[in-house]
There are 2 protein chains.
Amino acid sequence: MPITIYDVAREAGVSMATVSRVVNGNPNVKPLTRKKVMTAIERLGYRPNAVARGLASKRTTTVGVIIPDISSQFFSELARGIEDIATMYKYNIILCNSDHRLEKELQLINTLLEKQVDGLLFMGAEIKEDHFHSLKTASIPTVLAATRDPEGKLPAVTIDHFQAAYDATQALIRRGHKRIAIITGPMSYPLEGLVRFEGYKKALLDAGLPYDEQLVANGSFRYESGLQSMGDFMKLAEPPTAVFAASDEMAIGAIHAVQDLGHSVPEDVEVIGHDNVRLAEMVRPRLSTVVQPMYDIGAVAMRLLTKYMNNEQVEDHIVLLPHRIEYRQSTKEMAEE
Amino acid sequence: MPITIYDVAREAGVSMATVSRVVNGNPNVKPLTRKKVMTAIERLGYRPNAVARGLASKRTTTVGVIIPDISSQFFSELARGIEDIATMYKYNIILCNSDHRLEKELQLINTLLEKQVDGLLFMGAEIKEDHFHSLKTASIPTVLAATRDPEGKLPAVTIDHFQAAYDATQALIRRGHKRIAIITGPMSYPLEGLVRFEGYKKALLDAGLPYDEQLVANGSFRYESGLQSMGDFMKLAEPPTAVFAASDEMAIGAIHAVQDLGHSVPEDVEVIGHDNVRLAEMVRPRLSTVVQPMYDIGAVAMRLLTKYMNNEQVEDHIVLLPHRIEYRQSTKEMAEE
DNA sequence: CTGAAAGCGCTAACAT
DNA sequence: ATGTTAGCGCTTTCAG
């Protein structure tokens, strides 16, 4: 039988209200009384029941995190940022994988609401009407991390995906390339897939370069699809001399495809990836890539969520974190960068 | 004001006990009554309060997971295995990072117990008396994943670390190497550090090969330490011709150190890593490595935990999953393998 | 098969 | 500064 607050009260010769006060750090307790209670707690080995507290106070100090796949390097880095800040603010995390499946996402939202989480952190490519519907029935604060909803209704922390892709493409253009390929993410991912593709096209357009469908491949973000796509590009009569890949894994796959054909990177083909996962520094040539601050996105998103949960004033509901390009060895050196 | 079970009862014209029964799938409800209740639930958009349920039933269908660092590829893969099985058995996961810090581990155990988790899954290098002490005060089932305690008191799911290191070293010996180096993990990690080192030494001993301290480097599991350690080895008067690294990252660092000096892998130096993280297939040469089934370890550990939580009979409290060596391109081909 | 009622362990007014 | 009391929303005997 576990020790309850009532046992402590009896042991200390005070009421349970007083015990509750000292446990919760309420200053309205005489120091001597506090000490008596503390001693009793110590002696009995009392451990407050957070479930009972949650029921009575209607706050669980727990937040739900819905993530597509924790085993991906991108999301696990993000999750670490979330967790660190959560810990800092005394929250715990219920972590759920959605595999990008709408149905599962909705079901998870529901389960988390049943568990009375104080807030929700959502990662996932696409936000649909269904999500809003589920969320609306329980009005708990929700923040999107590394994504946004189309209408900007929900608070979100992410980077400017369009600009990032534009910058990467432009970097390749500046290096004098005329035939620049792209390996995109799935088009079902509005931001990581579609928007990056748009950024690529716009950069070509602005530079007066022709858009060539042959230089576009649809990838899955995975290594294998980069390998495959680049292999196909190389079979073209006029293969690309530079590639922008929407993920680092695909970029590395692309590099290997080039190398496997006996060519070299960056001499024959320059490659820029996206995200800057740890992997990018652990391959040769080391990968030049758009750095997306995953950890920070998670951390800032969690911090934002704490503000909503505490009813603090927040000025910007949508925060765009800065991105930049880290030039390493898969692109040639240029003086001005 | 959220809808409660009481509201549903009134709407359906039954008692709250009956509503509780249908919500919990209790068969002792007349089909017609069940339907009435279901309709009311639907109409009101009732969502059961899991916190209240937890308080009343003393079961939260939540398990605590203490992991050193979710952003590491090794642990995030493990976490995915845990989560998948947890979902399958209707449990949710509270995920916490310990950074291998004893103090934080103990504090997390405490927090999770306060939250009344039904079980605990623990990952971390070292299990000390303190852990048992904390755990003992609340008697909830605990399973270790990818580690074991020294005395085998706690249920655990892992591989035979000694044998794995022995096998890897032996594989190198069979290839005719006389000077085989090892890049170990930190010795503060009993299994991943110390035991693997022991396995290495035993393999040398059994093969009648001399043990040379110069061929031992203490790494941190990280890429950089592999790079560094191998760089040092290569400066030796008589450098090693083969290396076993206690992690894939270090193995890849070692490969790059060799390559950076203008030598090649596996021609000049053969390398075997440990774990088989996704990374191993995304480098050139692709890494030969001891495969540790991370996902399975997580999955089996979670499955085992569910058995304890349901008071099911379990035969083996310690389960050793099989390991094997995957030969790729960082070792030379051999006919018999 | 259904209902009534007693908690689960704690917080939060409200008194004193 | 401390105690009293009424819930929080649900499960679970125990009756009927």
Side-chain angles (χ1 to χ4, degrees), chain A residues 1-38 40-41 44-62 90 111 113-118 137-138 140, chain B residues 1-38 40-41 44-62 90 111 113-118 137-138 140:
Chain A
M1 211 68 249
I3 314 298
T4 73
I5 198 172
Y6 187 77
D7 300 321
V8 177
R10 192 151 30 80
E11 176 83 10
V14 299
S15 76
M16 50 187 293
T18 300
V19 178
S20 175
R21 288 192 186 94
V22 347
V23 169
N24 292 295
N26 184 317
N28 290 347
V29 180
K30 201 172 9 168
L32 178 63
T33 313
R34 177 185 309 279
K35 207 172 123 218
K36 277 196 305 186
V37 173
M38 293 299 267
I41 288 179
L44 265 34
Y46 169 65
R47 174 183 292 133
N49 181 325
V51 172
R53 171 184 292 167
L55 182 58
S57 69
K58 299 181 172 309
R59 301 192 67 241
T60 55
T61 61
T62 301
K90 314 277 188 209
T111 304
L113 293 179
E114 287 188 3
K115 297 236 168 169
Q116 312 298 121
V117 294
D118 294 336
T137 57
I140 65 162
Chain B
M1 213 66 251
I3 313 297
T4 72
I5 199 172
Y6 189 76
D7 300 321
V8 177
R10 192 153 28 80
E11 176 83 10
V14 299
S15 76
M16 48 187 293
T18 300
V19 177
S20 175
R21 288 193 186 93
V22 346
V23 168
N24 293 294
N26 185 319
N28 291 346
V29 181
K30 206 179 355 173
L32 178 63
T33 312
R34 176 184 310 277
K35 208 172 121 216
K36 277 196 305 189
V37 173
M38 293 298 268
I41 287 178
L44 264 36
Y46 169 66
R47 174 184 292 131
N49 181 325
V51 172
R53 171 183 293 168
L55 182 58
S57 69
K58 300 182 171 308
R59 301 192 67 243
T60 56
T61 61
T62 302
K90 313 279 189 208
T111 304
L113 292 179
E114 286 187 4
K115 297 235 166 168
Q116 313 298 121
V117 294
D118 294 336
T137 58
I140 65 162

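Just so we're clear, the structure is a prediction, and the values are computed from it rather than from any experiment. All heavy atoms count here, side chains included; hydrogens, waters and symmetry mates do not. Within every chain, numbering begins at 1; the chains are lettered A, B, ... in the order of the sequence lines, protein sequences first and strands thereafter.
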Give me the atom names and distance for the closest heavy-atom approach of B/A52 to A/L55. CB-CD1, 3.7 Å
Heavy-atom pair with the smallest gap, counting every atom of B/G45 and B/I3: O-CG1, 4.5 Å
Please compare B/K58 and B/R34 by the position of their nearest nucleotide in DNA chain C and report the one closer to 5'. B/R34
In residues 46-56 of chain B, which ones come under 4.0 Å of DNA chain D, going by heavy atoms? B/Y46, B/P48, B/N49, B/A52, B/R53, B/A56
Start at the 5' end of DNA chain D and walk down; is the nucleotide closest to B/N24 or to A/K30 reached first? A/K30
Could you walk me through whether B/T18 and B/K36 pass side-chain contact (heavy atoms from CB on, under 4.5 Å), step by step? CA-CA 11 Å; B/T18 300; B/K36 277 196 305 189; over 6 Å; no
Minimum heavy-atom separation for B/A12 to B/V37, with atom names? CB-CA, 4.0 Å
Strictly distance-based, threshold 3.5 Å: is any side-chain N or O of B/N24 a donor or acceptor partner for the main-chain N or O of B/N26? no
Under the side-chain contact (heavy atoms from CB on, under 4.5 Å) criterion, do B/R21 and B/T33 qualify, and how do the steps go? CA-CA 11 Å; B/R21 288 193 186 93; B/T33 312; over 6 Å; no
Testing B/V22, B/V19, B/V8 for side chain to side chain contact (heavy atoms under 4.5 Å, CB included) with B/M38, which one passes? B/V22
Counting the atoms with a prime plus P, OP1 and OP2 as sugar-phosphate, which does B/S20 contact under 4.0 Å by heavy atoms, base, sugar-phosphate, or nothing? base
Opening and closing nucleotides of DNA chain D in contact with chain A, under 4.0 Å to non-hydrogen atoms: D/dA1 to D/dG9
DNA chain D: A/R21 or B/I5, which has the more 5' nearest nucleotide? A/R21
So which atom in A/Y46 and which in A/T4 form the shortest heavy-atom distance, rounded to 0.1 Å? CE1-C, 3.6 Å
Does the A/K115 side chain pair with the main chain of B/T60, one donor and one acceptor, at a distance under 3.5 Å? yes
If you take all heavy atoms of B/A138 and A/R47, which pair is closest and at what distance? CB-NH1, 3.4 Å
B/V14 near the nucleic acid: base, sugar-phosphate alone, or nothing, with a heavy-atom cut-off under 4.0 Å? sugar-phosphate
Nt span of DNA chain C in reach of chain B heavy atoms at under 4.0 Å, 5' end first, is C/dC1 to C/dG9
For the residue pair A/A9 and A/M16, what are the closest heavy atoms and their distance? CB-N, 3.6 Å
